A.B. asks: 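Could you have a look at this structure, given as structure tokens, before my questions?
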Amino acid sequence: MRYDHQKIDKKWQDFWQESGLFSTDEKSDKAKFYCLDMFPYPSGVGLHVGHPRGYTATDIISRYKRMNGYEVLHPMGWDAFGLPAENYAIKNQVDVKKATQKNIDNFREQIKRLGLSYDWSRELSTTDPEYYKWTQWIFIQLFKKGLAYQSMLPINWCPSCKTGLANEEVINGECERCSTKVEKKKIRQWVLKITKYADRLLDDLESLDWPEKIKEMQRNWIGKSQGAEIVFSIKNEKESFNEKIKVFTTRADTLFGATFIVLSPEHKLIDKIKEEASNRDEIERYLKESQSKSDLERTDLTKEKSGVGVKGFFAINPADNSKIPIWVADYVLASYGHGAVMSVPAHDQRDYEFAKRYNLPIKEVVSGGEISKEAYIGEGELLDSNDFSGMSSQEARGEMVDHLEKRGLAQKATSYKLRDWIFSRQRYWGEPIPVIHCDNCGVVPLNEEDLPLKLPEVDNYQPTGTGESPLAAIEEWVETKCPKCNAKAKRETNTMPQWAGSCWYYLRFIDPRNQEKLISSEKEKKFMPVDLYVGGAEHAVLHLLYARFWHKFLYDIGLVSTKEPFAKLRNQGLILAQGGQKMSKSKGNVVSPDELVKEYGADAFRLYEIFIGPFEDAVEWNPRGIVGTRRFLEKVYDLELSVKKDDSGEDKLLHQTIKKVTEDIERFKFNTAISSLMILVNHYKKEGISRDSFEALLKMLSPFAPHTAEELWQKIGNKESIMLCDWPKFNKSLAEEDQVKIIVQVDGRLRETIEVASDLSQEEVKNIALEKENVFKRVGDKEIKKIVFIKNKLINFVL
RNA sequence: GGGCGGGUGGCGAAAUUGGUAGACGCACUAGGCUUAGGACCUAGCGCCGCGAGGUGUGCGGGUUCGAGUCCCGCCCCGCCCACCA
């Protein structure tokens, strides 16, 4: 075998490492290009074939951009805090830190064997105290600005992981990691006020070159709706009790149809009225029942809605002062709006179902539906609504609020689905939250010069399950002095969630060893924003929203100069196991790159990773597929033996290929770029190749298959790395065809193709075409009604 | 239920503005080379048909000289969200 990939891979990987060709020159005056991968969580399983799909893409772009004269920043690091490492360590009785380091070392080796052009001098890990020092620093700034606060909250609690979870980590009522049913638990939590940034997070999406799908997911997650708050008075029969509650609605126009009020079981008013309600026991029973339900059960749409009426009390509908009943039902969420709704069964499907079940009145106030069958949620003309009757529902939406606003009973309001970010975890393996609880001073942040607050060594990472982190058991760490008054005080024992470190790592890559600051503003200005960010779509509302939030905060405190961190985002599609299943450790169908790289070489592997299908589509891994890209590389390798000494003039296909490959790289269409390189190589194999063409071919190949390209580049006598070459330019006139194939159709059906000089006129083409047997025998002496002619493409005789 | 994708050979897939459907690759078939081949070379490879030819991009209709591509109606699959008032 001439093409000894093992030797070649090693030779060039060593060369690149020593040459420093991948390191970014911060002082360069070239235009910068910041090309970033979502850094991996270094799991114990190691790399699987899904990771390198994105890494290969960014590597192609990075190498391509360097050849186009850019100073490229292309770093790699490790998102290494988090539950899996901790769980693994508990299970296998090993040291988390050591286990994590081992995983990192393994990942790094695996990645290096792929010949990816990372600037390894910038490598970082979120678990390094020199790194998390600044994560903690950011937390302190958030705290100082009032954006980090404590709250006793019924939080999502995973009884298996024994920790609180963010809303985003709860999937269908189950823990994202271990699929245990999530429970509600009230504990003290640190919360970040991401809701303060809701509007900016929403509005600035417009400016981003991101997949529309991801932007839409973020919009939905933020879930802004414009509507109104309407005030309902709550009274008892004797009218000795008089309170007011607010409800949020997007359909103020249907107010005359509000026939009852529904409170969520957690609503504050319930405590005040249940004692006096004549069916107190019934209410208590219902509250208990819904409290014991998990989120999963409460939101199960297939189940009938349940609720209980509050007897002895009623609400006043401010539209017509009618008395309407009050109900408690857990289909109303405490966490949205004001935790209470005005129920308009005629025009809301949920209220409709509820009213049907409990025989509550259904009053139609918007025309256009068939209320006997289902709720009508569309627009129409108002009915039965006093002065508003006859008005269009759209118009009434605003008018109704204006009208009530004069009496202080309503106002325009905006509601969001986005909740504040529950930021503390009752676990060990995360960044310690750098605050101290002092009896005199309250919560006091650490002095910045005392950062990093290092994680103490422990023997036991078992979560306590009491809502306290394992750190709470380390007395000598917990007991400390207040930075303000020097009295005895206790450290916060909660840690930050996994997402913390990934919220700002892209900044640290720009200035990774800065001891004084998180990032020098000079360097930040030079390299931000990230020009291209590539990773999986599964981070659409987690990492990508959190990072944008932190970035905007850092912008507000003057640390960064751009409003958004990631200018352009692309998602790689999943690589599925054979059979279309997701690859996972538990299914045992994870394909590792190691053996493939060993058997076929890094370049064949890289090529197959992106030749397999469109970059953003999910594809099934076909273990045979790599054979094709391997054969292609062997063909290229053998071409070197037949390179002709003399240059044989114009090479049209070469220039067409340069054009095609260049455009395809820019458009992320790597699969078709490779296919056109294959066509070119097949052509040369038959026709022979000149030295100039071979050099151009190698340059084009070098971002995709860098080891092979370097080796052949050297073999034909070049001294310097091919990386230092300019990207080949195509000659426009050469890239155009001077002979074209023209389709000849009769009545729209293909009858002949003719090859003629380009740019012939209709008349010339017509005459040539009509001489062809397949054409004239069909045309015969029939009348040609019309000729459709498209230059260089087609002529169609319509009879 | 809502949002976003998608449906093209045995398989992964190509196909700027409507203009040769199936490029490129895998698998397969035949022949060659060979002590041997899971290597290589040559040819073939949507379906029906010996052939001319017909037919063909989820299904049904439409626009057009011409539709994978545009319009109307339906079916199916994937992902994400989901009692958000």
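Quantities reported herein were computed from a predicted structural model and do not represent experimental measurements. Each chain gets a letter, A, B and so on, in the order the sequences are listed, and its residues count up from 1.
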A.B. asks: I'd like the C1' distance from B/U17 over to B/C83, given in whole Å.
C.D. replies: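 Their C1' atoms lie roughly 46 Å apart.
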A.B. asks: Using atom C1' in both nucleotides, what's the gap between B/A39 and B/G32 to the nearest angstrom?
C.D. replies: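 Those two atoms are separated by 14 Å.
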A.B. asks: Establish, with yes or no, whether the OP1 or OP2 oxygen of B/A39 is under 4.0 angstrom from a side-chain nitrogen or oxygen of A/Arg630.
C.D. replies: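 No, because none of the side-chain N or O atoms of A/Arg630 sits under 4.0 Å from OP1 or OP2 of B/A39.
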A.B. asks: Looking at B/C81, I'd like to know if its phosphate oxygens (OP1 or OP2) sit under 4.0 Å from a side-chain N or O belonging to A/Lys417.
C.D. replies: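 For B/C81, OP1/OP2 do not have a side-chain N/O of A/Lys417 under 4.0 Å.
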A.B. asks: Can you measure A/Lys635 atom NZ to B/C41 atom P for me and round it to whole angstrom units?
C.D. replies: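 Nearest whole value for this atom pair: 7 Å.
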A.B. asks: So if I take every side-chain heavy atom of A/Asp348 and compare against B/A15, B/G25, B/A85, which nucleotide ends up nearest?
C.D. replies: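 Per side-chain heavy atoms of A/Asp348, the pick is B/A85.
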A.B. asks: Over all strands shown, is A/Asp351 touching base, sugar-phosphate only, or nothing at heavy-atom distances under 4.0 angstrom?
C.D. replies: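 No contact at all - A/Asp351 keeps every heavy atom at 4.0 Å or more from the nucleic acid.
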A.B. asks: Between B/A21 and B/G66, how far apart are the C1' atoms? Round to whole Å, please.
C.D. replies: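 To the nearest whole Å, 14 Å.
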A.B. asks: Roughly how many Å is it from CD in A/Glu374 to P in B/G1, rounded to a whole number?
C.D. replies: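 Distance check: A/Glu374 CD to B/G1 P gives 12 Å.
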A.B. asks: Sub-3.5 Å donor-acceptor pair from the side chain of A/Tyr376 to the main-chain atoms of A/Glu379, do we have one?
C.D. replies: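 Side chain of A/Tyr376 to backbone of A/Glu379: a pair is present.
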A.B. asks: Got a list of protein N/O to nucleotides 8-13 of chain B N/O distances below 3.5 Å?
C.D. replies:
residue : atom : partner  : partner atom : Å
B/G12   : O2'  : A/Ile612 : O            : 2.4

A.B. asks: Measure the distance from CE on A/Met678 to C1' on B/G25 and round it to the nearest whole Å.
C.D. replies: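 Going from A/Met678 (CE) to B/G25 (C1'), I get 6 Å.
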A.B. asks: On a whole-Å scale, what distance lies between the C1' atoms belonging to B/A14 and B/G25?
C.D. replies: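 It comes out at 11 Å once rounded to the nearest Å.
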A.B. asks: Once hydrogens and angles are ignored, does a donor-acceptor distance under 3.5 Å link the base of B/G5 to the side chain of A/Glu616?
C.D. replies: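 No, no donor-acceptor pair under 3.5 Å.
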A.B. asks: Tell me whether the OP1 or OP2 atom of B/U16 has a side-chain N or O from A/Lys659 closer than 4.0 Å.
C.D. replies: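 No, outside the criterion.
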A.B. asks: Report the distance from atom CG of A/Asn671 to atom CZ of A/Phe611, rounding to the nearest 0.5 Å.
C.D. replies: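 Answer for the CG-CZ pair, A/Asn671 versus A/Phe611, is 7.5 Å.
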A.B. asks: Looking at every strand, decide which applies to A/Val344 at a 4.0 Å heavy-atom threshold: base, sugar-phosphate, or nothing.
C.D. replies: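 Answer is nothing: A/Val344 stays at 4.0 Å or more from every strand.
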A.B. asks: Which part of the nucleic acid, if any, lies within contact of A/Lys686, taking any heavy atom under 4.0 Å across all strands shown: a base, the sugar-phosphate backbone alone, or nothing?
C.D. replies: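 Nothing, no nucleic acid heavy atom in range.
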A.B. asks: Verify, without hydrogens or angle tests, whether A/Asp351 (side chain) and A/Val344 (backbone) share a donor-acceptor contact under 3.5 angstrom.
C.D. replies: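 Yes, because the side chain of A/Asp351 sits within donor-acceptor range (under 3.5 Å) of the backbone of A/Val344.
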A.B. asks: In whole angstrom, what separates A/Arg251's CZ from B/A85's C1'?
C.D. replies: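 From A/Arg251 CZ to B/A85 C1': 11 Å.
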A.B. asks: Taking atom NZ as the centre, does A/Lys224 end up with more than 12 heavy-atom neighbours from other residues, nucleotides or ligands that are less than 6.0 angstrom away?
C.D. replies: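 Enclosed: over 12 neighbouring heavy atoms sit under 6.0 Å from NZ of A/Lys224.
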A.B. asks: Say whether, by atom type as modelled, one donor and one acceptor occur between the side chain of A/Gln349 and the main chain of A/Ala375 under 3.5 angstrom.
C.D. replies: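 Answer holds: yes.
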A.B. asks: Does a side-chain N or O from A/Arg624 land closer than 4.0 Å to OP1 or OP2 of B/G38, or not?
C.D. replies: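 For B/G38, neither OP1 nor OP2 has a side-chain N or O of A/Arg624 closer than 4.0 Å.
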A.B. asks: Write down the distance separating the C1' atoms in B/U55 and B/U8, rounded off to the nearest Å.
C.D. replies: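 B/U55 and B/U8 have their C1' atoms separated by 15 Å.
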A.B. asks: In whole Å, measure the gap between the P atoms of B/U42 and B/C47 for me.
C.D. replies: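 That atom pair is separated by 24 Å.
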A.B. asks: Rounded to whole Å, how long is the line connecting atom CZ of A/Phe232 with atom P of B/A85?
C.D. replies: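 So the two atoms are 16 Å apart, to the nearest Å.
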A.B. asks: Where the side chain of A/Asp420 meets the backbone of A/Thr195, is there a donor-acceptor pair that is under 3.5 Å apart?
C.D. replies: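 The answer is yes, because a donor-acceptor pair under 3.5 Å joins these two groups.
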A.B. asks: Just call it for A/Arg631: base, sugar-phosphate, or nothing, with non-hydrogen atoms closer than 4.0 Å on any strand.
C.D. replies: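 Counting heavy atoms under 4.0 Å across all strands, the contact made by A/Arg631 is with sugar-phosphate only.
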A.B. asks: Which dot-bracket string describes RNA chain B (Watson-Crick N1-N3 plus N6-O4 or O6-N4, or G-U N1-O2 and O6-N3, all under 3.5 Å; [ ] crossing; | other strand)?
C.D. replies: (((((((..(((......[....))).(((((.......))))).(((....)))..(((((..]....))))))))))))....
A.B. asks: I want to verify a distance call: between B/C81, B/A85, B/G25, whose nearest atom is closest to the A/Trp221 side chain?
C.D. replies: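 Comparing B/C81, B/A85, B/G25 against the side chain of A/Trp221, the answer is B/C81.
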A.B. asks: Taking only the side-chain heavy atoms of A/Val788 (C-beta and beyond), determine which of B/G19, B/C83, B/G25 contains the nearest atom.
C.D. replies: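 That would be B/G19.
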A.B. asks: If you draw the axis of the six-membered ring of A/Tyr331, does the NZ or CZ of A/Lys305 fall within 45° of it and under 6.0 Å from the ring centre?
C.D. replies: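 Verdict for A/Tyr331: a cation-pi partner in A/Lys305.
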A.B. asks: Measure from the side-chain heavy atoms of A/Val332 and tell me the nearest of B/A85, B/C24, B/C41.
C.D. replies: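 Nearest listed nucleotide: B/A85.
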A.B. asks: Between A/Glu212 and A/Arg219, does any side-chain N to carboxylate O distance fall below 4.0 Å?
C.D. replies: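 Looking at A/Arg219 together with A/Glu212, the answer is yes, because their closest N to O distance falls below 4.0 Å.
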A.B. asks: For A/Arg751 and for A/Asp330, locate the closest nucleotide of RNA chain B by heavy-atom distance; then report the residue assigned to the nucleotide nearer the 5' terminus.
C.D. replies: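 Final value for this comparison: A/Arg751.
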A.B. asks: Assess whether a salt bridge exists between A/Arg630 and A/Glu634, defined as any Lys/Arg side-chain N lying under 4.0 Å from an Asp/Glu carboxylate O.
C.D. replies: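 Salt bridge flag = yes for A/Glu634 with A/Arg630.
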A.B. asks: Could you check whether A/Thr629 gets within reach of a base, just the sugar-phosphate, or nothing at all, counting any heavy atom under 4.0 Å?
C.D. replies: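 Answer is nothing: A/Thr629 stays at 4.0 Å or more from every strand.
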A.B. asks: A/Asn220 has an atom CG; how far is it from atom P of B/C83, in whole Å?
C.D. replies: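 A/Asn220 atom CG is separated from B/C83 atom P by 13 Å.
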A.B. asks: From C-beta outward on A/Met217, which listed nucleotide comes closest to its side chain: B/A85, B/C80, B/C65?
C.D. replies: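 When the side chain of A/Met217 is considered, B/C80 is the closest of B/A85, B/C80, B/C65.
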A.B. asks: Verify the neighbour count for atom NZ of A/Lys766: are there more than 12 heavy atoms of other residues, nucleotides or ligands below 6.0 Å?
C.D. replies: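 No - once you tally the heavy atoms of other residues, nucleotides and ligands closer than 6.0 Å, there are 12 at most.
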A.B. asks: Applying side-chain contact (heavy atoms from CB on, under 4.5 Å), run through A/Arg548 and A/Leu205 and close with a yes or a no.
C.D. replies: CA-CA 10 Å; A/Arg548 291 182 62 222; A/Leu205 283 171; 3.3 Å; yes
A.B. asks: Within a strict 4.5 Å, meaning less than it, do heavy atoms of the A/Tyr546 and A/Ile194 side chains meet?
C.D. replies: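 Yes, at least one pair of side-chain atoms sits under 4.5 Å.
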A.B. asks: Using only modelled atom types and a 3.5 angstrom limit, is any donor from either the side chain of A/Lys305 or the base of B/C83 paired with an acceptor on the other?
C.D. replies: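 Counting by modelled atom types and ignoring angles, a donor-acceptor contact under 3.5 Å is found here.
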A.B. asks: With nearest nucleotide decided by heavy atoms, which residue, A/Lys786 or A/Lys582, maps closer to the 5′ end of RNA chain B?
C.D. replies: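 Whichever sits nearer the 5' end wins; that is A/Lys786.
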A.B. asks: Mind checking A/Lys669 for me? I need base, sugar-phosphate or nothing, with any heavy atom below 4.0 Å counting as a touch.
C.D. replies: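 Touches sugar-phosphate only.
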A.B. asks: With a 4.0 Å limit, can you tell me whether A/Arg667 has a side-chain N or O closer than that to the phosphate oxygens OP1/OP2 of B/U16?
C.D. replies: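 For B/U16, neither OP1 nor OP2 has a side-chain N or O of A/Arg667 closer than 4.0 Å.
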A.B. asks: Does A/Glu609 reach the main-chain N or O of A/Arg53 with its side chain, forming a donor-acceptor pair under 3.5 Å?
C.D. replies: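 Side chain of A/Glu609 to backbone of A/Arg53, a donor-acceptor pair under 3.5 Å: yes, one is there.
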A.B. asks: Name the orientation of the base relative to the sugar in B/G68: syn if the glycosidic angle is within 90° of 0, else anti.
C.D. replies: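 This nucleotide is in anti.
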A.B. asks: Applying a 4.0 Å non-hydrogen cut-off, can you work out what A/Ile679 is touching in the nucleic acid: base, sugar-phosphate, or nothing?
C.D. replies: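 Sugar-phosphate contact only.
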A.B. asks: Let me know the distance between NZ of A/Lys660 and P of B/A23, rounded to the nearest Å.
C.D. replies: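 Rounded to the whole Å, the gap is 14 Å.
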A.B. asks: What is the distance, to the nearest angstrom, from the CG atom on A/Leu542 to the C1' atom on B/C80?
C.D. replies: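 Nearest whole value for this atom pair: 12 Å.
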A.B. asks: Please state the P separation for the pair B/G60 and B/U69 - nearest whole angstrom.
C.D. replies: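 Per the computed distance, 13 Å lies between those P atoms.
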A.B. asks: Please measure how far the P atom in B/G22 lies from the corresponding atom in B/C45, and state the result in whole Å.
C.D. replies: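 Nearest-Å result for B/G22 against B/C45 at atom P: 11 Å.
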A.B. asks: Counting the atoms with a prime plus P, OP1 and OP2 as sugar-phosphate, which does A/Lys213 contact under 4.0 Å by heavy atoms, base, sugar-phosphate, or nothing?
C.D. replies: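 Sugar-phosphate contact only.
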